[in-house]
**Student:** 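Quick one: structure below, then a few questions.
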Amino acid sequence: MKIIAAADHGGYNLKNVLVERLRKAGHEVTDIGTQSGDSTDYPDYAHKVATAVAAGTAERGLLVCGTGVGMAIAANRHKGVRAVNCSDTFTARYSRMHNDANVLTLGERVVGSGLAADIVDWWIATPYSKDESRHATRVAKIEL
Ligand code: RB5
């Protein structure tokens, strides 16, 4: 799967761990930074990842900041982007099955690296339940 990943200074350690994990699993991951703990602005990264996902140059996006909240708010400003901030695997699974979420945001200050890895694994592996038409109807109604 083609995945684009990014983080601000609050999420770059976890982002690096997850990028390495996804690459080891065979995914094609484009890591657009950040690569240090120097202070950065999370919307700059969220907008780049959301633009790529909306354009279809990446199938999915992964964004990490301190909480995952700012990244989700910014990414969800983009038409066609359905970003979900997850701290548990149940939400990760159902955000794929029911909402066709195409961007996952995580908080490095919220979840440990083990739980984050499980969340990412479920989120990547779980398909959208597109054959259940009620979900397609609802997802279509999200766009204004
Ligand atoms: C940075 O301190 C922090 O505000 C940012 O990483 C993120 O949590 C914002 O939502």
**Student:** So, does Glu143 use its side chain to make a donor-acceptor pair with the main chain of Gly80 at under 3.5 Å?
**Tutor:**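 Here the side-chain-to-backbone pair exists.
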**Student:** Can you tell me how far CG of Asn102 sits from CZ of Arg96, rounded to the nearest 0.5 angstrom?
**Tutor:**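 Atom-to-atom, Arg96:CZ and Asn102:CG are 8.0 Å apart.
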**Student:** Sub-3.5 Å donor-acceptor pair from the side chain of Arg60 to the main-chain atoms of Trp123, do we have one?
**Tutor:**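 Flag set: sc Arg60 to bb Trp123 pair under 3.5 Å.
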**Student:** Supply the atom-to-atom distance Leu14 CG to Arg21 CZ, rounded to the nearest 0.5 angstrom.
**Tutor:**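 So the gap between those two atoms works out to 11.0 Å.
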**Student:** Are any side-chain N or O atoms of Lys2 and backbone N or O atoms of Gly56, one a donor and one an acceptor, separated by less than 3.5 Å?
**Tutor:**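 Not at all, since once roles are kept as given, no pair shorter than 3.5 Å links the two residues.
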**Student:** For the CZ atom on Arg77, are there more than 12 heavy atoms of other groups (residues, nucleotides or ligands in this structure) within a distance under 6.0 Å?
**Tutor:**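 No - once you tally the heavy atoms of other residues, nucleotides and ligands closer than 6.0 Å, there are 12 at most.
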**Student:** Please examine the side chains of Leu63 and Leu104, heavy atoms only from C-beta on, and report whether any two atoms are closer than 4.5 Å.
**Tutor:**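 Result no, sub-4.5 Å side-chain heavy-atom pair not found.
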**Student:** Quick check: closest heavy atoms across Val49 and Ala5, and the distance to 0.1 Å?
**Tutor:**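 Answer, listing the atom of Val49 first, then Ala5: CG2-C, 4.3 Å.
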**Student:** Give the minimum heavy-atom separation between Cys65 and Gly70, together with the two atoms involved.
**Tutor:**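 Minimum heavy-atom separation between Cys65 and Gly70: SG-N, 4.2 Å.
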**Student:** Are Lys130 and Asp100 close enough for a salt bridge, meaning some N to O gap below 4.0 Å?
**Tutor:**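 So Lys130 does not pair with Asp100 through a salt bridge.
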**Student:** Membership question, hydrophobic clusters at under 4.5 Å side-chain separation (ILVMFWY): are Trp122 and Ile3 in the same one?
**Tutor:**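 Ile3 and Trp122: separate clusters.
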**Student:** Please examine the side chains of Arg82 and Ile142, heavy atoms only from C-beta on, and report whether any two atoms are closer than 4.5 Å.
**Tutor:**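 Counting from C-beta outward, Ile142 and Arg82 do come under 4.5 Å.
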**Student:** Hydrophobic clusters here meaning ILVMFWY residues chained together by side-chain heavy-atom distances under 4.5 Å, can you tell me if Leu18 and Leu115 are in one?
**Tutor:**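 The answer is yes; both residues are in one hydrophobic cluster.
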**Student:** Report, as yes or no, whether the 6.0 Å neighbourhood of atom CD on Gln35 holds more than 12 heavy atoms from other residues, nucleotides or ligands.
**Tutor:**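 Counting other residues, nucleotides and ligands, CD of Gln35 exceeds 12 neighbours.
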**Student:** Under a single-linkage definition using a 4.5 Å side-chain heavy-atom cutoff for Ile, Leu, Val, Met, Phe, Trp and Tyr, are Ile4 and Val29 assigned to the same hydrophobic cluster?
**Tutor:**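 In one cluster with Ile4: Val29, no.
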**Student:** Do we see a donor-acceptor contact under 3.5 Å between the side chains of Thr40 and Asp8?
**Tutor:**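 There is no such pair between these side chains.
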**Student:** Quick one: are Arg138 and His135 in side-chain contact, heavy atoms under 4.5 Å?
**Tutor:**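 They are in contact (side-chain heavy atoms under 4.5 Å apart), so the answer is yes.
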**Student:** Can you list the steps and then say if His78 with Thr51 is a side-chain contact (heavy atoms from CB on, under 4.5 Å)?
**Tutor:** CA-CA 7 Å; His78 292 249; Thr51 298; 3.4 Å; yes
**Student:** When hydrophobic residues are tied together by side-chain contacts of less than 4.5 Å, even through go-betweens, does Met1 share a cluster with Leu106?
**Tutor:**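 Met1 and Leu106: one cluster.
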**Student:** In Å and rounded to the nearest 0.5 Å, what is the OH to CG distance from Tyr12 to Asp31?
**Tutor:**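 Separation between the atoms: 12.5 Å.
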**Student:** Would you say Asp41's side chain and Pro43's backbone share a donor-acceptor pair under 3.5 angstrom?
**Tutor:**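 Not confirmed, Asp41 side chain does not pair with Pro43 backbone.
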**Student:** Hey, what do you get for OG (Ser95) to CG (Asp88), rounding to the nearest 0.5 Å?
**Tutor:**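 Interatomic distance, Ser95 OG to Asp88 CG, rounded to 0.5 Å: 9.5 Å.
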**Student:** Between Val111 and Ser87, which heavy-atom pair has the shortest distance, and what is it?
**Tutor:**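 Looks like CG1-CA, 3.8 Å.
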**Student:** Out of curiosity, Ser129 OG to Met97 CE, how far, rounded to the nearest 0.5 Å?
**Tutor:**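 One gets 6.0 Å once the value is rounded to the nearest 0.5 Å.
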**Student:** Nearest heavy-atom pair of Ala75 and Ala46: which atoms, and what distance?
**Tutor:**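 Minimum heavy-atom separation between Ala75 and Ala46: N-CB, 4.1 Å.
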**Student:** Classify the ring geometry of Tyr94 against His98: parallel below 30°, tilted from 30° to 60°, perpendicular beyond 60°.
**Tutor:**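 Rings of Tyr94 and His98: perpendicular, over 60°.
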**Student:** Mind checking whether Tyr42 and Val64 sit in one hydrophobic cluster, side chains of I, L, V, M, F, W, Y counted as touching below 4.5 Å?
**Tutor:**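 Per the 4.5 Å side-chain linkage, Tyr42 and Val64 are not co-clustered.
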**Student:** Between atom NZ of Lys48 and atom OG1 of Thr30, what is the distance when rounded to the nearest 0.5 Å?
**Tutor:**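 If I round to the nearest 0.5 Å, the distance is 13.0 Å.
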**Student:** Where is the tightest heavy-atom contact between Gly61 and Val53, given as atom of each residue plus distance?
**Tutor:**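 That closest heavy-atom pairing would be N-CG2, 3.6 Å.
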**Student:** Of all heavy-atom pairs between Ala6 and Ile32, which one has the smallest distance, and what is that distance?
**Tutor:**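 Closest heavy-atom pair between Ala6 and Ile32: CB-CG1, 3.5 Å.
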**Student:** Is any side-chain heavy atom of Leu22 closer than 4.5 Å to one of Ile124?
**Tutor:**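 Result yes, sub-4.5 Å side-chain heavy-atom pair found.
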**Student:** Does Thr91 reach the side chain of Asn85, with side-chain heavy atoms less than 4.5 Å apart?
**Tutor:**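 The answer is no; the side chains never approach within 4.5 Å.
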